[in-house]
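All values derive from a computational prediction rather than experimental measurement. Lettering follows sequence order; numbering is per chain, from 1.
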Protein chains: 2
Amino acid sequence: MNNEIQKKYQKRSELIKALAHPTRLFIIDFLSDGEKCVCEIVEQVGVDISTISKHLLVMKNAGLVESEKRGLNMFYKTTCPCISSLFDCLESISKKD
Amino acid sequence: MNNEIQKKYQKRSELIKALAHPTRLFIIDFLSDGEKCVCEIVEQVGVDISTISKHLLVMKNAGLVESEKRGLNMFYKTTCPCISSLFDCLESISKKD
DNA sequence: TACCTACTTGGTTAATTTGCCAAATACCAA
DNA sequence: TTGGTATTTGGCAAATTAACCAAGTAGGTA
């Protein structure tokens, strides 16, 4: 792999890594019916708020979600409607087991 | 997240993790025009053959590729034609930067 | 101001992943 | 059987990731 090719797949893998965690996948699904604030996500997932905040940062850095502060709350929403079709593909692989 | 939900996203993340490495993504693309033996992959990627072998095992365990031995060679091919559409989705996110 | 709530960041530890080398295995040919 | 090629497996060190707690920051309210 030359340098340019390497860079292409590096970038692609960074995006995929940002999805590659059960909690982050759950959050993506949870956000699919509209934006949520951090405390709503924490309530659903049931881990420490700092852990959720870091997961959200990972996804934000990857461009998967975006956030907006209103009052005391930080609201997160997905940036990409195509994500769900991606999961359809993944599910079809899973079913082969 | 209750136990069943947890399990669902756990499984999904395992599949995604199997994709989440530049070398493995390259291999998936490289296999898209037909099966290849391990030494052909090694030649393209340029890392140790044991490293490639382990990457292939990760993808095989996830159901992303399958293998067949013929003579001295082990041939690998993808199991899922939908993978490339998945990458189209990912690229559309990447371009937002 | 002082205090409260919502969230982020820093720091530590444990677990997981990766890559290389060396050794083992599988198949083929002389 | 001896040896050679292709691949896998074991083992180890380095790098990365994840979870928690504690401390810090931002905005709202009394």
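- If you chain together hydrophobic residues whose side chains sit under 4.5 Å apart, B:F26 and B:V42 fall into the same group.
- Here the nucleotide nearest the side chain of B:D48, chosen from C:dC20, D:dT7, C:dT9, is C:dC20.
- For B:G71 and B:K54, each mapped to the nucleotide of DNA chain C holding its nearest heavy atom, the one lying further toward the 5' end belongs to B:K54.
- The nearest whole Å value for the distance from the NZ atom in B:K36 to the C1' atom in D:dA6 is 18 Å.
- Distance from the side chain of B:I49 is smallest for D:dT8 among the nucleotides D:dG11, C:dC7, D:dT8.
- When each of A:K77, A:E35, A:M59, A:K60 is checked for a side-chain contact (heavy atoms from CB on, under 4.5 Å) with A:S67, only A:K60 meets the rule.
- Within the structure, a side-chain polar atom (N or O) of B:Y76 is placed less than 4.0 Å from OP1 or OP2 of D:dT8.
- The closest side-chain heavy-atom distance from A:T78 to A:L64 is not below 4.5 Å.
- Within the 4.0 Å cut-off from OP1 or OP2 of C:dC7, not a single side-chain nitrogen or oxygen of A:S53 is found.
- Residues A:F75 and A:K17 both approach DNA chain C. Their nearest nucleotides, taken by heavy-atom distance, put A:F75 toward the 5′ side.
- Between B:I27 atom CD1 and C:dT18 atom C1' the separation is 13 Å, expressed in whole Å.
- When rounded to the nearest whole Å, the span between CD of A:Q10 and C1' of D:dT16 equals 12 Å.
- Taking only side-chain atoms of A:V47, from C-beta outward, the nucleotide of D:dC20, C:dC20, D:dA18 with the closest atom is D:dC20.
- When the C1' atom of C:dC28 is taken as reference, atom CZ of B:R70 falls 16 Å away, rounded to whole Å.
- Residue A:L72 has its side chain nearest to D:dG28 when only C:dA26, D:dG28, C:dT17 are considered.
- Taking every side-chain heavy atom of A:K69 into account, D:dA26 is the closest of C:dA26, D:dA26, D:dC20.
- Dashed line: the shortest gap from a side-chain N or O of B:R24 to OP1 or OP2 of C:dT18 is under 4.0 Å.
- Other residues, nucleotides and ligands contribute more than 12 heavy atoms inside 6.0 Å of the CD atom of B:Q44.
- To the nearest angstrom, P of D:dT7 lies 9 Å from CD of B:E40.
- Using a 4.0 Å cut-off, some side-chain N or O of A:T51 falls inside it from OP1 or OP2 of D:dC20.
- D:dT16 atom P lies 16 Å from atom CG of A:N61, rounded to whole Å.
- Put simply, A:H55 has no side-chain N or O that comes within less than 4.0 Å of OP1 or OP2 on D:dT17.
- The separation between B:M74 atom CE and D:dA6 atom P is 14 Å, rounded to whole Å.
- Atom P of nucleotide C:dT18 and atom CD1 of B:I52 are separated by 12 Å, given to the nearest angstrom.
- Residues A:M74 and A:E68 have side chains not in contact (no heavy-atom distance under 4.5 Å, counting atoms from C-beta outward).
- Looking at B:S50, its side chain comes within 3.5 Å of the base of C:dC21 through a donor and an acceptor atom.
- Residues A:Q10 and A:E14 bring a donor and an acceptor atom of their side chains to less than 3.5 Å of each other.
- Between A:N73 and C:dT5, a side-chain N or O to OP1/OP2 separation shorter than 4.0 Å is absent.
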